[in-house]
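Position 1 is the first residue of the sequence, and the numbers go up from there. One-based numbering, in listed order, for ligands and for the atoms of each. The structure presented is a predicted model; accordingly, all values stated were derived computationally and were not measured.
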Amino acid sequence: MTFAEKKNNKESSKEDSAAKAAEELKRPIWERLDAPAREAVEALATEYREFLSLAKTERAVARLALDRAAAAGFAGHGAKGRGGWLHHHGKLLGLYAPGLADPREGFNVVVAHGDAPRLDLKPKCVYEESGLGLLKSNLYGGLKKFQWLSRPLALWGFCALKDGREVEVRLGEAPGDPVLTITDILPHLDRKVQREKKLTEAFPAERLNVLAASRPAPGKPSEAGRLKKAVLDILEARWGLKEDDLISSEFELVPAGPAQEVGFDRSMIGGYGHDDRLSVFCAVKALLAIEKPAKPLLLIVFDREEIGSYGSTGAESNFVVRLAAAAVEAAGLEPRWHDVQTALARSSAISADVEAALDPTFKEVHDELNAARLGFGPCVIRYTGGTGKYGASEARAEYMALIRKIFDEAGVVWQSTLLGKQEEGGGGTVALSLAAQGMSVVDCGAPVLSMHSPFEIVAKSDVWMTARALEAFLRNA
Ligand code: MN
Ligand code: MN
């Protein structure tokens with residue numbers, strides 16, 4: 001073989017391997033995994049299904065994440081532990097883990113959110129009408145109202161009483177428990193009230209009334225209020241609650257029952273609240289897997305993302321500053337304002353939030369070139385927001401390069417995606433609030449079908465790869 005022939009040979013084999021690599025990228029994650037990795041995917045999926053089945057409210061999510069951290073040796077801020085936490089108002093959780101580097105040099109940060117679209121009960125909610133006991137609900141977050149009718153709903157409640165007692169209510173999850181439901185009208189009679197109306201008008205929020213009882217409390221047939229009393233009697237008998245106590249309660253109606261395997265091939269998981277409890281699960285898993293991080297780590301599970309991140313437990317609060325200050329303090333340093341703010345501005349963050357997957361039935365809302373595909377790994381979303389990039393923080397090019405490098409070097413299978421076509425709608429995440437602290441931040445999360453529905457779908461392989469991606473980021477950013 002002459003030198004020129006050798007060179008040609010080498011180049012064509014280079015081309016071959018480039019072509020092979022390009023071909024490989026067309027394979028879903030599952031096809032690229034060997035048998036032990038596939039077993040790991042299944043094991044994590046089972047663990048995640050159990051987590052999701054219990055993580056039905058923002059309080060439950062924060063508590064489950066906190067319990068996992070405690071079991072791994074973390075402790076409340078001020079106590080001795082492998083890392084620390086701040087648990088704010090029962091709904092917002094922040095974890096910090098010390099690194100080898102000085103925290104004033106910046107953190108690696110992952111944030112996710114624990115709230116999900118749902119129906120709450122109004123403070124005054126119990127009433128009766130036409131011989132039935134009913135409850136008035138209130139929308140929380142962006143849900144499609146018709147999806148919540150005619151289906152089993154569970155009631156998760158947290159009640160604070162005047163004497164300081166706290167009562168937890170859970171109905172509709174345990175085997176043998178009754179469920180609640182919201183009635184819908186039969187198709188034979190829906191012509192005027194629904195069928196001939198626009199979707200936005202056919203399901204008024206005030207019609208989402210929850211069926212709670214049909215047997216009146218004992219009394220005379222002519223006596224009014226016996227159905228309302230039937231509901232109140234049960235609230236009192238089972239949980240010791242009086243009607244007035246409902247004013248200081250948080251009741252959330254969520255789809256009843258556990259998360260399930262989906263598909264003939266069992267390749268997917270269906271359940272309520274993948275958005276964004278999948279990211280919470282993966283982020284906690286990733287954080288706790290890292291024994292001695294190079295940089296100090298922060299993890300935040302925010303609340304109220306679905307309604308704009310407002311409130312004391314939302315991302316628009318000062319919590320990230322407080323958590324960073326706590327981490328600086330835990331390192332034995334004085335958390336001076338300027339040092340903490342500078343550390344945040346030097347930090348690298350992932351806003352871990354799920355992404356809408358390309359749905360073959362609704363292809364027209366996606367720009368296919370930039371659409372997320374189920375089973376192809378976590379999506380890196382450079383900007384969210386609306387048309388014209390309104391309300392988007394947008395990761396800068398240098399930061400995108402860093403993320404690509406970290407993921408590629410760690411063997412993470414990932415995809416670069418955008419939410420949908422321009423002028424189709426849009427959506428935001430908590431990335432904005434982190435960017436406001438001067439942090440580098442990008443959105444990253446698993447693709448989801450039927451997002452914001454009572455039964456959201458993800459691929460098992462994407463759950464596994466998302467945990468790996470977040471771990472690679474926390475280790476190497
Ligand atoms: Mn989300
Ligand atoms: Mn959402």
Atoms named by residue and atom, protein N, O or S, within reach of the Mn ion (ligand 2) (under 2.8 Å): Asp275 OD2, Glu306 OE1, Glu306 OE2, His452 NE2

Can I get a per-line list of side-chain donor-acceptor pairs under 3.5 Å for residues 432-445, giving both atom names and the distance, sequence neighbours left out?
from, atom 1, to, atom 2, distance (Å)
Ser433, OG, Glu316, OE2, 3.1
Ser440, OG, Arg396, NH1, 2.7
Asp443, OD1, Ser351, OG, 2.8
Asp443, OD1, Thr429, OG1, 2.8
Asp443, OD2, Thr429, OG1, 3.1

Pair His274-Glu456, side chain to side chain donor-acceptor pair (under 3.5 Å): steps then yes or no: CA-CA 6 Å; His274 289 309; Glu456 298 178 322; 5.4 Å; no

Ring pair (Phe, Tyr, Trp, His ring centres under 6.0 Å) against Phe158, all qualifying residues, sequence neighbours excluded: none

Phe455: partners by ring pair (Phe, Tyr, Trp, His ring centres under 6.0 Å), with sequence neighbours left out: none

Charged tip of Lys389 within 45° of Tyr383 ring normal and under 6.0 Å: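 Pair Lys389/Tyr383 counts as cation-pi.
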
Arg63/Glu168 salt bridge by N-O under 4.0 Å criterion: no

